[in-house]
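Data first, discussion second: the structure below is written as structure tokens.
The shown structure was predicted, so the numbers you read here are calculated from the model rather than taken from an experiment.
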Amino acid sequence: MLHSLARALARPPRAAGLGLGAGLAVGLGAQQSKGAARCHCQVPCGIFHDDGRIAAILEDAMTIRKAVAQSQELFKANDLQSLHQTVRWISTKEEHATKIMTTISEYFLAQKVKKDQLGHHEYLEVLALHHAVMVAAMKAKQSADMSAVDALDKAIAALKPVYAK
């Protein structure tokens with residue numbers, strides 16, 4: 001099932017559903033695939049790819065894991081410098097959780113998940129996988145518990161096959 005989802009998401013969007021941006025993409029000489037622009041930031045530049053975004057999400061999750069581990073260790077010291085470092089690690093953890101949520105929403109959901117290219121069941125399954133990553137990232141952002149990071153890793157692992165080539 002996930003292989004058919006990956007194939008459906010890898011297909012270029014249909015030209016009829018592109019709207020104004022398609023004309024701009026052709027005029028700017030963006031990479032085209034069967035007349036359709038592939039994009040990451042609402043501007044079809046052809047630079048970013050799914051595997052790069054997945055790798056970035058995995059790196060963000062590793063950073064979150066390290067931030068939680070470091071915060072837990074620093075908390076034991078109970079001195080001002082450790083408190084300062086703990087705050088910095090928490091800030092880093094929250095930044096990387098936000099990056100995951102942004103990548104899922106602005107890159108994958110807004111541009112890669114095409115309702116008209118998936119069956120109803122597949123569409124709901126793909127939405128649920130993306131939503132699970134966003135919720136897990138939010139919970140990891142709010143928590144100092146490693147179980148929240150484990151849940152994030154599990155959600156990313158479940159989503160990853162959708163974008164496997």
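Side-chain contact between Leu109 and Leu127: present, with at least one pair of heavy atoms (C-beta onward) separated by less than 4.5 Å. Between Met134 and Ser105, some side-chain heavy-atom pair lies under the 4.5 Å cut-off. Side-chain contact check for Met62 versus Asp153: every heavy-atom pair is 4.5 Å or farther apart. Between Lys141 and Met101 the shortest side-chain heavy-atom distance falls below 4.5 Å. Put simply, the side chain of Leu152 reaches to within 4.5 Å of the side chain of Ile156, judged on heavy atoms. Taking the side chain as every heavy atom from C-beta outward, Ile64 and Thr92 never approach each other to under 4.5 Å. Contact check for Asp150 versus Arg65: side-chain heavy atoms found under the 4.5 Å cut-off. Counting heavy atoms from C-beta on, the side chains of Leu118 and Lys114 never come closer than 4.5 Å.
Under a hydrophobic-cluster definition in which Ile, Leu, Val, Met, Phe, Trp and Tyr are linked whenever side-chain heavy atoms come within less than 4.5 Å, directly or via other members, Leu83 and Phe75 are assigned to different clusters. One hydrophobic cluster, built from ILVMFWY side chains closer than 4.5 Å, cannot hold both Val149 and Ile90; they sit in different ones.
A donor-acceptor pair under 3.5 Å is absent between the side-chain atoms of Lys99 and the main chain of Asp60, judged by distance alone. With hydrogens and angles ignored, the 3.5 Å screen pairs no side-chain donor or acceptor of Tyr123 with any backbone N or O of Asp116. Under the 3.5 Å distance criterion, the side-chain polar atoms of Thr98 are matched with a main-chain donor or acceptor of Glu94. One N or O on the side chain of Thr86 and one on the backbone of Ser82 form a donor-acceptor pair closer than 3.5 Å. Between the side chain of Gln70 and the backbone N or O of Trp89, no donor-acceptor pair lies under 3.5 Å.
Taking the six-membered ring where tryptophan is involved, the planes of Tyr163 and His130 are perpendicular, since the angle between them exceeds 60° and thus also 30°.
Here Arg88 contributes atom CZ and His84 contributes atom NE2; the two are 5.0 Å apart, rounded to the nearest 0.5 Å. Note that the CZ atom of Arg53 and the CD1 atom of Ile57 stand 8.5 Å from one another [nearest 0.5 Å]. To the nearest 0.5 Å, atom CZ of residue Phe108 and atom CD1 of residue Ile54 are 4.0 Å apart. Rounding to the nearest 0.5 angstrom, the gap separating the NZ atom in Lys66 from the OG atom in Ser71 is 11.5 Å. The distance from the CD atom of Gln85 to the CG atom of Asp79 is 10.0 Å, given to the nearest 0.5 Å. With rounding to the nearest 0.5 Å, the separation of CD1 in Ile100 from CD in Glu59 is 10.5 Å.
Side-chain contact annotation: Asp145 with Ser147, donor-acceptor N/O pair under 3.5 Å present.
The shortest non-hydrogen separation linking Ala67 to Lys93 is CB-CB, 3.6 Å. Closest approach of Ala97 and Ala137 over heavy atoms only: CB-O, 3.5 Å.
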